[in-house]
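Just so it is clear, the model here is predicted, and its values are computed rather than measured.
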Amino acid sequence: MHCYEQIALLTERMLMLARTGQWGALPALEAQCRDTVDRLKAIEPQETLDEWQSARKYRLLSQINSIYTDIRSIVMPQLAKLGAVMKSLELRQSLHKAYGQADDALL
């Protein structure tokens, strides 16, 4: 149960960071989340949950899924913007390679 609770807390923090545009801090939390999921995969088959724990597990999973949906709705448009900026920079670099030396000669 501890792993599920940790993942829920980490995803809540990730959502807060995404909402406030703190993109640089997201990868570290995502790595922590991934490590916790890996640990969960290793220990979960060995644990038996009672009825209350199973219900709690499914509530946490639902919460985690909802949070990930919210994170994706914030991150995906940002990734699209980043892709557009990178494409623009590639085009500029290509144009500079093709025509830059002539422009540099004029300077």
Side-chain angles (χ1 to χ4, degrees):
M1 289 308 302
H2 177 73
C3 288
Y4 288 108
E5 291 166 352
Q6 284 299 111
I7 293 167
L9 289 173
L10 289 168
T11 56
E12 285 174 0
R13 286 189 210 146
M14 290 170 62
L15 180 57
M16 181 203 62
L17 292 172
R19 283 182 173 154
T20 58
Q22 298 179 47
W23 309 115
L26 278 172
L29 283 179
E30 198 278 330
Q32 286 179 14
C33 193
R34 188 175 47 249
D35 291 344
T36 306
V37 168
D38 289 343
R39 188 170 66 232
L40 178 62
K41 287 178 184 178
I43 63 173
E44 187 175 40
Q46 301 166 4
E47 289 191 17
T48 304
L49 302 177
D50 63 29
E51 188 176 322
W52 181 87
Q53 290 172 318
S54 290
R56 175 84 174 128
K57 171 185 168 180
Y58 288 109
R59 282 193 305 274
L60 286 168
L61 285 172
S62 178
Q63 176 186 350
I64 291 164
N65 189 43
S66 177
I67 292 169
Y68 266 119
T69 298
D70 291 345
I71 292 169
R72 277 191 301 274
S73 72
I74 296 168
V75 170
M76 293 310 287
Q78 292 298 318
L79 286 175
K81 285 180 186 177
L82 179 60
V85 168
M86 290 180 70
K87 189 177 253 186
S88 174
L89 290 174
E90 287 174 3
L91 178 60
R92 284 184 188 182
Q93 185 178 21
S94 177
L95 290 172
H96 182 71
K97 282 182 181 179
Y99 302 105
Q101 295 197 350
D103 291 342
D104 292 342
L106 295 174
L107 296 175

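- Note that NE2 of H2 is 10.0 Å distant from CD1 of I7, once rounded to the nearest 0.5 Å.
- When side chains are defined from C-beta on, L9 counts as touching E12, because their heavy atoms get closer than 4.5 Å.
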Worked check of side chain to side chain contact (heavy atoms under 4.5 Å, CB included) between M14 and I67: CA-CA 9 Å; M14 290 170 62; I67 292 169; over 6 Å; no
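- The distance from the CG atom of L49 to the OH atom of Y58 is 8.5 Å, given to the nearest 0.5 Å.
- In this structure T20 satisfies the side-chain hydrogen bond (donor to acceptor under 3.5 Å, both in side chains) test together with Q22, sequence neighbours excluded.
- In this structure, the side chains of Q63 and T11 stay at 4.5 Å or more apart for every pair of heavy atoms.
- Atom OH of residue Y4 and atom CG of residue L40 lie 4.5 Å apart, to the nearest 0.5 angstrom.
- In terms of heavy-atom proximity, T36 sits nearest to C3 at CG2-O, 3.6 Å.
- To the nearest 0.5 Å, atom CG of residue L15 and atom CG of residue L10 are 12.5 Å apart.
- Judged as a salt bridge (charged side-chain N to carboxylate O under 4.0 Å, His left out), the pairs with a partner in residues 42-51 (not counting sequence neighbours) are, in order, E44-K57.
- The side-chain hydrogen bond (donor to acceptor under 3.5 Å, both in side chains) test applied to Q53 returns no partner, not counting sequence neighbours.
- Closest of all the heavy-atom pairs between L17 and A25 is CD1-CB, 3.6 Å.
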Can you give the donor-acceptor pairs under 3.5 Å from side chains of residues 87-95 to other protein atoms, not counting sequence neighbours?
none

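- For the residue pair Q32 and Q6, no side-chain donor N or O sits within less than 3.5 Å of a side-chain acceptor on the partner.
- Listed by chain and number, the residues in a salt bridge (Lys or Arg N to Asp or Glu O under 4.0 Å) with R13 amount to none (sequence neighbours excluded).
- When every heavy atom of A18 is checked against every heavy atom of W23, the shortest pair comes out as O-CH2, 3.5 Å.
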Please tabulate, one pair per line, all N/O donor-acceptor pairs under 3.5 Å involving side-chain atoms of residues 71-83, not counting sequence neighbours.
unit_1, atom_1, unit_2, atom_2, d
R72, NH2, T69, OG1, 3.4
S73, OG, D70, O, 2.7

